[in-house]
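Quick one: the structure is below, questions incoming.
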Amino acid sequence: MVDVILGLQWGDEGKGKIVDYFAPGYDMVARFQGGPNAGHTLYVEGKKMVLHQIPSGIFHQDKINLIGNGVVLDPVTLYKECEAVAAHGIDVKKNLFISERTNLIIPSHRALDRASEQSKGDSKIGSTLKGIGPAYMDKTGRNALRVGDLLNKNFTTNYIKLRMKHQRLLDGFHFIEDIHAHEEEFFESLEFLRTLNIVNGEYFINKKLKEGKTVLAEGAQGSMLDIDFGTFPFVTSSNTISAGVCTGLGIAPNKIREVIGVTKAYCTRVGSGPFPTELENEEGEKMRTTGQEFGATTGRPRRCGWIDLVALHYACMINGVTQLVMTKADVLDAFETLKACDGYKINGKEVNEIPFQMDKIDIKPLLKEFAGWHTDTTKIKIAKDLPSKMNEYVAFINKFIGAPVKYISNGPGRDQIVTL
Ligand code: GDP
Ligand code: IMO
Ligand code: MG
């Protein structure tokens with residue numbers, strides 16, 4: 001069967017750490033969407049690693065890691081990441097598999113991402129500038145080059161055709177960039193990519209499932225960044241929700257068992273777009289400093305605020321979340337009082353549903369206050385040692401969401417997690 005771990009907020013919920021923690025219980029870890037816009041942090045022998053393209057199960061020697069067809073793959077990022085992983089004694093040629101249907105990000109996609117953002121001015125999305133939007137546009141526009149095309153002798157001709165098409169679009173944006181400057185590195189990375197295990201991903205995974213093997217699907221970004229259900233247009237370009245697992249790996253919906261949703265004990269967002277519970281004050285600054293809230297991919301400071309239960313409830317509904325992991329609970333150790341948003345006020349009316357176009361309306365969060373636990377929780381190993389005030393906060397969330405928090409992460413380390 002397939003279990004899924006995905007983010008329920010605006011990304012960076014701590015998915016990398018949680019996937020790394022759960023990976024020993026599975027035979028395979030598979031990424032099903034997103035690309036190098038993701039930055040998944042985990043600690044290997046105390047050393048920090050940030051993965052952008054490779055699934056977060058890679059540091060467990062005997063696990064298969066699959067990059068699925070739903071992912072957009074930047075060969076340059078992959079090459080560098082494989083080298084970093086290999087430095088830890090991991091044999092990517094043995095443990096890493098890539099679907100031939102995975103779409104490629106080429107250098108002109110990154111230029112188009114920059115051009116598009118520049119043209120939007122103040123209403124820019126705040127993209128990671130990794131070429132994600134343009135690459136998915138070429139997928140749905142039926143122009144993309146895919147990993148399987150690398151084995152085709154016309155690959156270079158088709159690449160040049162696509163690059164020329166992009167050049168015409170860049171000219172339309174009046175955006176000047178020397179794409180050729182990035183091509184040597186790109187083609188070198190393609191040579192490396194050709195030496196990896198390129199497989200027919202959907203047969204590969206379904207055969208493993210038939211043999212009784214278990215799969216952990218690893219989401220990137222978060223549900224509020226989903227192309228259909230997120231805070232459009234301030235979203236990413238893929239389906240980040242559990243439905244994306246089926247189309248992004250080629251597995252049937254009835255193969256999915258647990259949907260494990262990851263949420264921070266508070267909330268962050270990086271990039272533009274609505275964020276009703278945002279704290280643009282010293283409380284937000286305290287979250288950012290204590291939680292080290294700086295982007296793992298871009299280094300940008302993350303916007304911080306209280307947990308938004310209206311959005312969390314929505315995300316759980318859309319994903320069919322069966323259990324939750326609450327991360328970064330320790331960051332709230334230092335707060336006297338905590339707040340949780342259990343409703344919105346829109347035009348004087350109380351609302352508990354996510355409205356259409358959140359960015360166009362004035363939303364005031366209705367905040368319920370909780371006494372903080374004010375204890376160092378980072379060394380706690382078992383549930384009975386958790387402060388009672390934390391249990392009260394979690395109980396309120398469970399009740400509001402209708403799905404249980406089953407794990408509390410109390411630090412970035414592999415062993416800093418408490419099972420409830
Ligand atoms: P992802 O994109 O969802 O994998 O999350 P990121 O790696 O972008 O951001 C999460 C950050 O929080 C990383 O720096 C993690 O090392 C860190 N982290 C994860 N879980 C915890 C936790 O429970 N407590 C603290 N203090 N940090 C955590
Ligand atoms: P992980 O997997 C947080 C945000 C960007 C921007 C919007 C669109 O680490 O949680 P894109 O580059 O996808 O076109 O950017 O989405 N974004 C993320 N925010 N975590 C991520 O990934 C993100 N990936 C994209 O900041 O607002
Ligand atoms: Mg991240």
Side-chain angles (χ1 to χ4, degrees), residues 5-21 31 33-44 47-53 55-56 71-72 74 105 109-110 112-114 116-117 124-137 218-227 230-238 240 261-266 268-275 287 289-303 325-334 376-378 380 407-418:
I5 289 183
L6 43 73
L8 297 175
Q9 297 170 310
W10 281 281
D12 302 330
E13 296 88 349
K15 300 174 291 293
K17 169 192 158 156
I18 302 304
V19 171
D20 174 57
Y21 172 77
R31 277 276 306 268
Q33 47 69 235
N37 48 349
H40 294 181
T41 314
L42 42 94
Y43 282 82
V44 195
K47 201 169 168 263
K48 182 174 168 169
M49 283 292 303
V50 181
L51 295 170
H52 304 285
Q53 292 276 191
S56 301
V71 169
V72 284
D74 183 335
I105 298 178
H109 282 136
R110 287 198 300 269
L112 280 169
D113 206 353
R114 283 191 285 274
S116 165
E117 284 287 74
K124 72 172 186 199
I125 289 160
S127 140
T128 58
L129 304 177
K130 302 291 177 190
I132 306 298
Y136 277 116
M137 280 164 76
E218 173 181 5
Q221 291 78 56
S223 302
M224 299 310 286
L225 288 170
D226 181 273
I227 182 70
T231 47
F232 190 89
F234 302 99
V235 292
T236 191
S237 299
S238 64
T240 60
V262 187
T263 173
K264 278 178 186 166
Y266 49 98
T268 65
R269 166 161 212 171
V270 60
S272 331
F275 182 0
M287 279 177 192
T289 324
T290 319
Q292 282 297 299
E293 295 296 359
F294 298 90
T297 298
T298 57
R300 291 178 291 179
R302 294 177 182 147
R303 300 155 64 192
V325 179
M326 180 184 280
T327 56
K328 306 197 90 158
D330 54 297
V331 175
L332 298 183
D333 286 358
D376 175 5
T377 60
T378 55
I380 295 177
Y407 301 88
I408 291 186
S409 172
N410 54 342
R414 246 185 197 171
D415 57 342
Q416 288 177 296
I417 189 159
V418 179

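We count ligands from 1, going down the list as the structure has it; atoms in each ligand are counted the same way.
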I'd like to know if Val235 contacts ligand 2, where contact means a heavy-atom distance under 4.0 Å to any ligand atom. yes
N/O of Lys130 under 3.5 Å from N/O of ligand 2, yes or no? no
Within a strict 4.5 Å, meaning less than it, do heavy atoms of the Tyr136 and Gln33 side chains meet? yes
Please state which protein non-hydrogen atom is closest to atom 23 (O) of ligand 1 and give its distance, to 0.1 Å? Ser409 OG, 2.5 Å
heavy-atom search around atom 7 (O) of ligand 1 in the protein gives Thr41 OG1, 2.5 Å
Give yes or no for whether the N/O distance cutoff of 3.5 Å, strictly under, is met between Glu13 and ligand 1. yes
Please report whether ligand 2 has a polar contact with Val270, defined as an N or O pair separated by less than 3.5 Å (distance criterion only). yes
Suppose we measure from atom 26 (N) of ligand 1 to each protein heavy atom; which comes out shortest, and what is that distance? Asp330 OD2, 2.8 Å
Is it the case that the side chain of Thr298 and the backbone of Thr128 share a donor-acceptor pair, with hydrogens and angles ignored and the cut-off at 3.5 Å? no
Run down the list Glu218, Glu13, Met224, Gln221 and name the one with the heavy atom closest to atom 1 (P) of ligand 2. Gln221
Within the 4.0 Å heavy-atom shell around Arg302, which atoms of ligand 1 are there? 6 (P), 8 (O), 9 (O)
Using a 4.0 Å heavy-atom cut-off, which part of Ala296 comes near ligand 1: side chain, backbone, both, or neither? side chain
Provide the number and element of each atom of ligand 1 under 4.0 Å from a heavy atom of Gly411. 20 (N), 21 (C), 22 (C), 23 (O), 24 (N), 25 (C)
Looking only at distances, please establish whether an N/O atom of ligand 2 is found under 3.5 Å from an N/O atom of Asp12. yes
Of Leu129, Leu51, Asn37, Leu225, the one whose closest heavy atom lies nearest atom 18 (C) of ligand 2 is Leu225
For ligand 1 and Lys15, I'd like to know whether there is a polar contact (N/O to N/O, distance under 3.5 Å). yes
Contact with ligand 2 for Gly126, non-hydrogen, under 4.0 angstrom: yes
Looking only at protein heavy atoms, which one is nearest to atom 10 (C) of ligand 1, and how far off is it? Asp12 O, 3.7 Å
Is Asp12 salt-bridged to Arg302, going by a charged N under 4.0 Å from an acidic O? yes
Okay, side chain of Thr297, backbone of Gly39: is any donor-acceptor separation there less than 3.5 Å? yes
At less than 4.0 angstrom from any non-hydrogen atom of Lys15, what atoms of ligand 2 do you find? 1 (P), 2 (O), 10 (O)
Test of understanding: given a 4.0 Å heavy-atom threshold, classify the contact between Ile417 and ligand 1 as side chain, backbone, both, or neither. neither
If you count the atoms of ligand 1 from 1 in the order shown, which ones are under 4.0 Å from a heavy atom of Tyr43? 16 (O)
Please verify the inter-ring angle class for Tyr407 with Tyr21; under 30° counts as parallel, over 60° as perpendicular, anything in between as tilted. perpendicular
So, is Gly295 placed with an N/O/S atom under 2.8 Å from the Mg ion (ligand 3), counting both backbone and side chain? no
for atom 4 (O) of ligand 1, nearest protein heavy atom and its distance come out as Gly16 N, 2.8 Å
Tell me whether ligand 2 is touched by Gly39 - counting only heavy atoms on the residue side and a distance under 4.0 Å. yes
Per-atom contacts, ligand 2 versus Ala38 - under 4.0 Å to a heavy atom: 1 (P), 2 (O), 9 (O), 22 (O)
So, is Thr236 polar-close to ligand 2, with some N/O to N/O distance under 3.5 Å? yes
As a test of reading the structure, name the N/O/S atom of Asp12 that is nearest the Mg ion (ligand 3). OD1
Counting only nitrogen or oxygen atoms and a 3.5 angstrom limit, does Ser237 reach ligand 2? no
Could you tell me the residue and atom name of the protein heavy atom closest to atom 19 (C) of ligand 1, and the distance to it rounded to 0.1 Å? Lys17 CD, 4.1 Å
Any non-hydrogen atom of Arg300 lying under 4.0 Å from ligand 2? yes
Could you say whether the N/O atoms of Gly14 and ligand 1 ever approach to under 3.5 Å? yes
Students should be able to answer this: which protein heavy-atom is nearest to atom 11 (C) of ligand 1, and at what distance? Lys328 NZ, 3.6 Å
Considering the heavy atoms of Trp10, write down every atom of ligand 2 situated less than 4.0 Å from one of them. 3 (C), 19 (N)
Arg269 N/O under 3.5 Å from ligand 2 N/O: no
Consider ligand 2: state whether an atom of it lies below 4.0 angstrom from any non-hydrogen atom of Arg302. no
Could you list the atoms of ligand 1 found under 4.0 angstrom from a heavy atom of Gly39? 1 (P), 2 (O), 4 (O), 6 (P), 7 (O), 8 (O)
